[in-house]
Amino acid sequence: MRAGVFDSGVGGLSVVSSLLKQRLFKEIIYYGDTARVPYGVRDKNTIIRYSLEALEFFKNFDIDVLICACNSVSAYAISELQQKAPFPVFGVIEPGVMALKKRVEDNSKSVLILGTKATVKSGKYQMLLNQYGYKNISALAPSLFIPIVEEGLLEGKILNEVMKHYFKDIKKDPDAIILGCTHFPLIQKPLQKQFPNSILIHSGEAIVEHLQSYLKIKSSNKETNLKLFASENPDNLKKIASFWLR
Ligand code: DGL
């Protein structure tokens with residue numbers, strides 16, 4: 001099977017990393033809209049428009065499925081993409097919530113959603129969690145983590161200071177934290193150190209589980225062929241991929 005992976009920029013490589021580890025696909029076509037990143041500060045209509053334009057790019061390829069690695073796209077544009085695409089389209093929000101449900105069965109437990117401003121504002125994670133009976137939900141948009149990750153500052157003083165800033169009002173570790181932004185799995189270790197008693201939910205791992213059960217696909221022993229495309233500076237995307245996908 002061939003998959004397309006769409007993201008607003010380079011962050012979706014965190015999802016690609018999980019897909020490559022499991023070798024679910026023969027080929028992955030990755031497209032990052034690096035010319036217009038970030039999506040997480042934009043409004044619903046802009047995110048939908050950009051996503052539908054990206055869909056046109058994927059129509060040039062013979063893909064069996066499209067995965068939206070971007071949480072902000074998953075929050076706002078999934079139904080539009082599903083209506084217009086000639087192949088099935090999966091976002092990361094439902095898989096993330098399903099993964100949480102599996103790991104934290106007791107729905108009285110506290111859940112913290114970390115996402116972009118757009119994702120948090122959409123209320124999509126909150127709504128789905130509510131449907132499954134989780135009521136003890138809070139959400140934060142620690143937007144500065146995104147440029148910090150892109151700068152490769154995946155640990156150290158700067159990241160620690162920024163974490164202090166965003167998390168200063170959290171008195172007790174949440175029972176679960178949804179890493180609801182493509183960039184946050186890359187700082188999973190320091191986040192886990194900050195919240196040692198929380199279960200962290202990683203979108204990439206969640207979508208792998210979801211695809212395995214929905215598409216009934218299994219890991220292969222052959223490596224996935226990865227093709228990388230970007231709307232601007234594809235060389236930078238390839239450079240980042242060579243670090244992140246090591
Ligand atoms: N990929 C985005 C997301 O997961 C983060 C970067 C952006 O704001 O575009 O929501």
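Order of appearance sets the numbers: ligands from 1, and atoms from 1 within every ligand.
- Taking the ring-ring contact (aromatic ring centres under 6.0 Å, His included) definition, one finds that Tyr166 meets it with Phe145, sequence neighbours left out.
- Using a 4.0 Å heavy-atom criterion, the residues that approach ligand 1 are Asp7, Ser8, Val37, Pro38, Tyr39, Gly40, Cys70, Asn71, Ser72, Thr116, Cys181, Thr182, His183.
- For the side chain to side chain donor-acceptor pair (under 3.5 Å) condition, the pairs that include at least one residue of residues 190-206, sequence neighbours left out, are Asp173-Asn197.
- Checked against a 6.0 Å centroid threshold, the rings of Phe229 and Phe61 count as neighbours.
- Within the 3.5 Å criterion, the main-chain N or O of Val120 finds a donor-acceptor partner in the side chain of Gln126.
- Within 6.0 Å of atom NZ in Lys172, 12 or fewer heavy atoms from other residues, nucleotides or ligands are found, so the atom counts as exposed in its surroundings.
- Residues passing the side-chain contact (heavy atoms from CB on, under 4.5 Å) test with Val208 are Ser18, Leu19, Gln22, Leu24, Gln212, sequence neighbours excluded.
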